[in-house]
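The structure under discussion appears below in the form of structure tokens.
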Amino acid sequence: MLEQFSALVNGLPPAMIYLVIAALVFAEAALFVGFVFPGETAIVVGGVLASQHVLSLPLLLVIAVVAAVVGDSVGYEIGRKYGPRLLDVKVMRKHRAKVAGAQDLIRRRGAFAVFIGRFTALLRALMPALAGSSRLPYPKFLLFNFIGGVTWVVTFTLGGYFAGAAFEHAAKLAGRGLAIGLAAAAVVALAVWSIRRHRREAREETEAEARAEEDDGEPAPARPLR
């Protein structure tokens, strides 16, 4: 994913790179792009490019935060307007266990669920619309959306920035060939970790859906008379 985005922006002028990053971060929740392309990939690569002085780090942080907050606000409005009808969308049905988990998180944690959801790719795409459909008050949503957006953008952008700076430093000390080898090993390790994480999440989702189907087939327990 990182390599694909790097190839996408390679050779583009800085203004266009800012626009691509902002569009992906915005669309992640507003248009559910996060199901196929997590916005954190864009800001990590943006941080790496900032370490190479291709982009301005302060400007990148501001653009990414604004895109994240506005994108989630649009997702919230979509959920508030269309409500339960969103759950019939194909992409939502495909991840119904995650949808149910996100709904339960909102019921238990309220607006704080918006902050928690910011740090999981699938929940970033789901949470704003589900918060809107659950009629979570917008001022509370906006507060936790802003706090989560700032924390998320700063964490992953600076992570990319310091990773890029460390690569350049290693290249100067040990030679570019060794630095490239170490970077390649790190990318392989990251890819293996990412694949295992996605497989684990897919397995957990399948098990959750199987349990939900079993529960649906069982008669509801009788309520005690009062």
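- If you chain together hydrophobic residues whose side chains sit under 4.5 Å apart, Ile78 and Phe26 fall into the same group.
- Closest approach of Gly46 to Leu55, counting heavy atoms only: O-CD1, 3.9 Å.
- One distance of note links CD of Glu40 with CZ of Phe156; it measures 4.5 Å at 0.5 Å rounding.
- Taken from OG in Ser134 to CE in Met127, the straight-line distance is 9.0 Å, to the nearest 0.5 Å.
- Between Leu126 atom CG and Gln103 atom CD the span is 9.0 Å, to the nearest 0.5 Å.
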With side chain to side chain contact (heavy atoms under 4.5 Å, CB included) as the test, would you mind laying out the steps for Val70 and Ser73 before giving the verdict? CA-CA 5 Å; Val70 174; Ser73 293; 5.5 Å; no
After noting the C-alpha distance and the side-chain angles of Ile17 and Leu49, does the key distance pass the side chain to side chain contact (heavy atoms under 4.5 Å, CB included) rule? CA-CA 10 Å; Ile17 298 176; Leu49 294 175; 3.9 Å; yes
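- Tracing side-chain contacts under 4.5 Å through hydrophobic residues (I, L, V, M, F, W, Y), one reaches Tyr18 starting from Leu12; they form part of the same cluster.
- The backbone N or O of Gly39 lies less than 3.5 Å from a partner atom in the side chain of Glu28, making a donor-acceptor pair.
- The 12-atom threshold is exceeded at OH of Tyr138, counting heavy atoms of other residues, nucleotides or ligands nearer than 6.0 Å.
- Val62 and Val48 are assigned to two separate hydrophobic clusters, defined by single-linkage of ILVMFWY side chains at heavy-atom distances under 4.5 Å.
- A salt bridge is absent between Asp72 and Arg124: the closest approach of a Lys/Arg side-chain nitrogen to an acidic carboxylate oxygen does not fall below 4.0 angstrom.
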Report the C-alpha distance between Val150 and Leu61 in whole Å, list the side-chain angles of each, state the deciding distance to 0.1 Å, and finish with yes or no for side chain to side chain contact (heavy atoms under 4.5 Å, CB included). CA-CA 8 Å; Val150 170; Leu61 290 171; over 6 Å; no
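- Between Leu123 and Pro128, the shortest heavy-atom contact is O-CD, 4.2 Å.
- Residues Ala131 and Ile106 come closest through the heavy atom pair N-CD1, 3.7 Å.
- Taking both residues in full, the closest heavy atoms of Asn145 and Val69 are given as ND2-O, 3.1 Å, listed atom of the first, atom of the second, then distance.
- Leu105 and Ile116 make their closest contact through CD2-CG2, 4.2 Å (heavy atoms, listed as atom of the first residue, atom of the second, distance).
- Interatomic distance, CZ of Phe141 versus CD of Glu77, reported as 9.0 Å (0.5 Å rounding).
- Although no hydrogens or angles enter the test, the distance criterion places a donor-acceptor pair under 3.5 Å between the side chain of Tyr76 and the main chain of Leu136.
- With values rounded to the nearest 0.5 angstrom, Leu158 atom CG is found 9.5 Å from Ile43 atom CD1.
- Taking every heavy atom of both residues into account, Ala50 and Leu60 meet most closely at CB-CD2, 4.5 Å.
- Residues passing the ring pair (Phe, Tyr, Trp, His ring centres under 6.0 Å) test with Phe115, sequence neighbours excluded: Phe112, Phe119.
- A distance of 7.5 Å separates OG1 of Thr157 from CH2 of Trp152, quoted to the nearest 0.5 Å.
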